[in-house]
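Working notes for the structure below.
Residue numbers run from 1 in the order of the sequence given. Predicted model only: the values in this text are computed from it and were never measured.
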Amino acid sequence: MKKGTVELISVVKRYGDSEAVKKINLKIDGGSYCCLLGPSGCGKSTTLRMIAGHETATEGDILLNNRNVTDLPPRQRGTALMFQNYALFPHLNSLDNVTFSLKIAGVSAGERKARALDMLKLVNMDQFAEAFPDQLSGGQQQRVALARALINQPEVILLDEPLSALDPFLRTKMRTELKRIQQQLGITFIHVTHSQEEAFALADQVVVMNQGFIEQVDSPQGIFRTPRTAFVAQFIGGHNIIEGDLAPDQKALVVKDRAFPIPDTFSQENLSGISLRCDQISISTAPTATSLPDPLTIDFVEYQGSYVHVRGAFQDGLALSVYQSDHDWLDKPVKEGDAVYVTWCIDALNPLASIAP
């Protein structure tokens, strides 16, 4: 087992009669970058705070390196939580903010200053050691807060939406810095976010949560290419979700009296529909040997730079979104009201389960 491995076993969190986290099981390998991803209120921040010890688990166990830390206070767990608002002391400069916990622990002034300067250098903030929080930008405050979290050499760093307050340019820059620091130190990072772009850019492991449940645990590539449920496909975007009933011969999904052939490799267990990536659908102005026989009438066209979002519906009301490359769209532009024909490879279809496995 790698140092910094975290495991949640049947963990539940209740507030009165409300269950915020519903009997989740999760293993996070030591030295990895894990993102808890989901909409507001899905239980991701509550889960993070239970790992940190700032919330008490109602049921279940939390293990760190196979050591049960469920009932231990935060300072005895080997974790450090970086708060969303950074929570820097306004009356202390950067150096003193970082050394604060060492001072409380009785570490000598010389040692704590040396260690703090090393941490500030790691986050590229050593030149701002004497600056106070109100003299720093949001990104600089975040770096100081991260240095403070790292100063006690925790085995796990916990980050609660650390990039949410930053502008888009700085957010992109800071996520690169977070990944660099995590890889350089080789310690476990667990990061809460509602941004799939952020999760995909940072994580080795993505945990998609919904209403207190874990819907899917996978690599970023696995989450995007093979979402397991309609919720995951919808939340990450870029997928058409087609729900229907399995045909008696189990070779097609029947939707609005329309049969969609499905691959033989599909598992039939809990099959509730299919997802089809918007960028894996082709458009033509005339029917082809492989296109659906009836036309799709376009009702929406939106230019997005690298691609154009084209949306339309068949006569029976079934709607599809297509992402065309800007090159293809500019070569043969389509507009609202046009009738087009669509086709895709059968292997582009992905099965969706009614309940996450």
Side-chain angles (χ1 to χ4, degrees), residues 1-11 21 24-38 42-53 57 60-70 74 77-82 84 119 122-123 142 145-147 149-163 171-172 174-209 213-228 232 235-236 356-357:
M1 177 183 291
K2 292 184 179 178
K3 184 179 178 181
T5 296
V6 175
E7 191 168 3
L8 309 183
I9 303 171
S10 300
V11 171
V21 176
I24 62 172
N25 293 282
L26 175 65
K27 184 175 182 180
I28 301 168
D29 289 335
S32 66
Y33 203 123
C34 175
C35 281
L36 305 182
L37 174 66
C42 71
K44 57 189 187 297
S45 289
T46 301
T47 299
L48 191 81
R49 292 176 65 83
M50 285 193 289
I51 296 171
D61 294 299
I62 300 169
L63 309 183
L64 175 57
N65 298 328
N66 252 352
R67 177 174 64 107
N68 196 321
V69 300
T70 310
R77 294 193 175 209
T79 63
L81 176 62
M82 182 173 148
Q84 186 174 358
M119 287 296 103
L122 177 69
V123 299
Q142 183 193 62
L146 181 58
L150 292 166
I151 193 71
N152 288 313
Q153 301 174 320
E155 296 178 59
V156 181
I157 291 286
L158 306 166
L159 305 105
D160 190 3
E161 301 208 43
L163 308 180
R171 194 178 304 138
T172 300
M174 284 306 304
R175 76 186 186 206
T176 302
E177 283 296 295
L178 284 174
K179 188 67 173 178
R180 175 188 66 81
I181 292 166
Q182 188 270 330
Q183 291 179 334
Q184 184 174 335
L185 296 176
I187 64 177
T188 308
F189 274 41
I190 306 176
H191 176 137
V192 161
T193 181
H194 60 267
S195 165
Q196 60 98 350
E197 179 183 345
E198 192 174 299
F200 286 2
L202 286 166
D204 305 306
Q205 180 186 50
V206 178
V207 181
V208 183
M209 296 187 67
F213 291 106
I214 291 177
E215 293 262 345
Q216 185 169 350
V217 180
D218 212 328
S219 66
Q221 297 83 0
I223 295 288
F224 183 70
R225 295 172 67 89
T226 55
R228 291 181 185 166
V232 175
F235 183 77
I236 63 174

Indicate the atoms forming the closest heavy-atom contact of [X] with [Y], along with that distance.
X    : Y    : result
R180 : L122 : NH2-O, 2.8 Å
G4   : V156 : O-CG2, 3.8 Å
Q216 : T226 : NE2-O, 3.2 Å
R77  : I51  : NH1-O, 3.0 Å

Enter the distance from [X]:[atom1] to [Y]:[atom2] here, rounded to the nearest 0.5 Å.
X    : Y    : atom1 : atom2 : value
I223 : F235 : CD1   : CZ    : 11.0 Å
L8   : I24  : CG    : CD1   : 5.0 Å
I28  : L36  : CD1   : CG    : 6.0 Å
Y33  : I190 : OH    : CD1   : 10.5 Å
T46  : M209 : OG1   : CE    : 8.0 Å
T193 : D160 : OG1   : CG    : 10.0 Å

Under 4.5 Å between any side-chain heavy atoms of [X] and [Y], yes or no?
X    : Y    : result
I214 : V208 : no
V207 : T47  : no
K3   : N65  : yes
E197 : R175 : yes
I157 : I181 : no
R228 : E215 : no

> Passes side-chain contact (heavy atoms from CB on, under 4.5 Å), I187 versus L150? Steps please.
Replying inline: CA-CA 10 Å; I187 64 177; L150 292 166; 3.8 Å; yes
> Between N68 and T70, is there a donor-acceptor pair closer than 3.5 Å when you use the side chain of the first and the backbone of the second?
Replying inline: yes
> Of P220, C34, S219, which meets side-chain contact (heavy atoms from CB on, under 4.5 Å) against V206?
Replying inline: P220
> Under the side chain to side chain contact (heavy atoms under 4.5 Å, CB included) test, which residues partner Q183, sequence neighbours left out?
Replying inline: K179
> Between L81 and R49, is a side-chain contact (heavy atoms from CB on, under 4.5 Å) present by the stated rule, with each step listed?
Replying inline: CA-CA 8 Å; L81 176 62; R49 292 176 65 83; 4.3 Å; yes
> Passes side-chain contact (heavy atoms from CB on, under 4.5 Å), H191 versus E198? Steps please.
Replying inline: CA-CA 10 Å; H191 176 137; E198 192 174 299; 2.7 Å; yes
>> One pair to check against side-chain contact (heavy atoms from CB on, under 4.5 Å): L178 and L159. What are the steps and the verdict?
In response: CA-CA 10 Å; L178 284 174; L159 305 105; 4.0 Å; yes
> Heavy-atom count around R225 CZ within 6.0 Å, excluding the residue itself: above 12?
Replying inline: no
